[in-house]
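Computed from a prediction, not measured in an experiment: that's the story for all the values here. Each residue takes its place number in the sequence, starting with 1. As a basis for the values below, the full set of heavy atoms in this structure was taken, side chains included, without hydrogen atoms, waters or symmetry mates.
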Amino acid sequence: MNTRHKWFTLALLIGSLLILPGCMTSTSVFSTDGAVIGQSFILKEGETWEDDLSIIGGSAVLEKGSIVDGDVALIGGTLMVDGTVKGDISAMGGVISLGSHAVIEGDIVTLGANLTRESGSVVKGNFQNGIPDFSLPVRSPTPQVGIFETVMNVFWKIFQAFALGALAVLVALFMLQPLERVGTTMQFAPVQAGVIGFLTFMVGLGVLLVMAITILFLPLSFLGAVALGLAWIYGWLAAGLLTGEKLAELFHTSWSGPISAGIGTLVLTLIANLLGAIPCVGWIIPFVVTMIGLGAVILSRFGTQRYPGVIS
């Protein structure tokens with residue numbers, strides 16, 4: 001296998017891992033909080049969504065006879081309404097299409113959004129052009145989670161850990177030295193990496209949101225989001241490699257780089273998922289690790305060079 005084929009295979013595997021969750025939820029809401037983020041959502045005829053609904057860089061179709069019992073927020077996506085929305089529609093960028101059977105009982109507030117409507121559509125409120133008052137949904141009715149959903153969630157978390165572990169092995173096979181440079185930067189410059197990672201995350205999200213407002217730059221915002229996601233995952237795999245090396249030292253053994261990366265990423269992801277189950281504070285440690293990893297990726301130029309002052 002030549003170098004070009006190796007890079008193509010690696011990119012294909014990474015892309016498949018990123019696309020997999022979207023494929024599993026392409027016709028349902030891709031969030032537990034009523035937000036469609038970069039995915040597609042269809043509310044079919046006769047169905048009722050009993051909460052607010054947000055579309056962020058995704059697409060939503062409300063079919064004839066469907067009901068949204070709340071407000072709808074659109075940020076840089078597409079919304080096709082042929083059903084009933086009992087609240088307001090607020091849009092910043094993107095496209096809103098009202099079908100002939102659409103009934104909007106509230107107002108429609110837009111900023112940089114394109115609105116089209118067919119004859120027969122009904123808007124009982126007012127049309128406003130200004131800064132929308134967004135309030136992304138935090139699902140007020142607590143969903144009843146059964147045993148089946150709990151078991152499936154546990155299995156999904158385990159599968160996610162094994163998938164990331166397998167990805168770490170593959171990346172380490174092709175790019176062990178760059179991954180080690182990122183891990184070394186995390187180990188010897190955690191403060192600098194954490195600050196750079198947090199700034200990259202916050203500024204990157206802001207820039208991508210501004211770009212997503214206009215349809216013209218929406219493809220670029222998508223590519224930017226993919227690049228940010230790849231850097232995020234790359235930093236996490238580097239943290240997994242560090243974890244694997246520390247585990248090998250703990251057990252007084254010696255593992256190869258790919259094995260250390262795979263086992264370390266598996267263990268690190270399982271621990272992060274366990275911590276994530278702790279209410280309110282469980283997200284803090286995984287978030288800090290990801291910020292340090294992201295910053296280390298930026299400082300080391302994706303592992304292509306050693307960060308100055310860091311031990312080789």
Side-chain angles (χ1 to χ4, degrees), residues 14 17-18 20-22 24-25 30-33 35 37-38 56 136 138-139 145 149-150 152-172 179-206 208 225-248 250 260-300 302-303:
I14 295 174
L17 184 66
L18 292 174
L20 179 60
M24 296 177 63
T25 57
F30 181 62
S31 173
T32 57
D33 296 329
I37 305 176
I56 306 173
L136 298 183
V138 178
R139 189 186 295 272
V145 180
E149 287 80 4
T150 302
M152 290 301 297
N153 185 53
V154 171
F155 273 106
W156 168 249
K157 296 296 184 182
I158 295 174
F159 170 78
Q160 183 186 56
F162 275 97
L164 285 174
L167 179 61
V169 173
L170 290 172
V171 173
L179 201 64
E180 287 177 337
R181 290 196 188 102
V182 177
T184 303
T185 305
M186 293 181 65
Q187 184 175 2
F188 293 99
V191 176
Q192 299 94 314
V195 172
I196 294 298
F198 183 74
L199 291 177
T200 301
F201 176 69
M202 297 303 295
V203 174
L205 283 184
L208 292 176
V226 171
L228 186 62
L230 288 175
W232 186 299
I233 293 176
Y234 195 57
W236 186 259
L237 299 185
L241 176 61
L242 273 180
T243 304
E245 292 173 347
K246 297 302 180 183
L247 288 175
L250 179 64
S260 296
I263 294 178
T265 302
L266 171 64
V267 172
L268 182 64
T269 306
L270 288 175
I271 292 175
N273 288 335
L274 288 174
L275 291 174
I278 302 175
C280 299
V281 297
W283 61 273
I284 296 177
I285 294 179
F287 181 76
V288 170
V289 173
T290 55
M291 290 298 100
I292 295 175
L294 178 61
V297 171
I298 302 301
L299 291 176
S300 65
F302 274 82

Mind checking the [atom1]-[atom2] spacing from [X] to [Y]? Nearest 0.5 Å is all I need.
X    : Y    : atom1 : atom2 : result
T185 : I196 : OG1   : CD1   : 12.0 Å
T184 : L179 : OG1   : CG    : 9.5 Å
L266 : L167 : CG    : CG    : 13.0 Å
I233 : L164 : CD1   : CG    : 7.0 Å

### Query
So do the side chains of V182 and F302 get within less than 4.5 Å of each other, counting heavy atoms only?
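Contact flag for V182/F302 side chains = no.
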### Query
Is there side-chain contact between L275 and I278, with heavy atoms separated by less than 4.5 Å?
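Yes, close enough: below the 4.5 Å cut-off.
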Over all heavy atoms of both residues, which pair between [X] and [Y] is shortest? Give the atoms and the distance, please.
X    : Y    : answer
T269 : A161 : CG2-CA, 3.7 Å
V297 : A231 : CG2-O, 3.7 Å
A193 : A296 : CB-N, 3.6 Å
A172 : A261 : CB-CB, 3.9 Å

### Query
Any side-chain hydrogen bond (donor to acceptor under 3.5 Å, both in side chains) pairs touching residues 276-300, not counting sequence neighbours?
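Of all non-adjacent pairs touching residues 276-300, none passes side-chain hydrogen bond (donor to acceptor under 3.5 Å, both in side chains).
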### Task
Hey, could you give me each pair passing side-chain hydrogen bond (donor to acceptor under 3.5 Å, both in side chains) that has a residue in residues 187-205? Not counting sequence neighbours.
none
Please list every donor-acceptor pair under 3.5 Å in which a side-chain atom of residues 238-247 meets a protein atom from a residue at least two apart or in another chain.
{"unit_1": "T243", "atom_1": "OG1", "unit_2": "A239", "atom_2": "O", "d": "2.9"}

## Note on the structure
For F201, the side chain to side chain contact (heavy atoms under 4.5 Å, CB included) test, sequence neighbours excluded, returns L205, W232, F287, M291, L294
### Partners meeting ring pair (Phe, Tyr, Trp, His ring centres under 6.0 Å) with W236 (sequence neighbours left out)
none
### Query
In chain order, what residues pass the ring pair (Phe, Tyr, Trp, His ring centres under 6.0 Å) check against F198, with sequence neighbours excluded?
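So F198 forms no ring pair (Phe, Tyr, Trp, His ring centres under 6.0 Å) with any residue.
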### Task
Could you tell me whether L199 atom CG has more than 12 heavy atoms of other residues or ligands within 6.0 Å of it?
yes
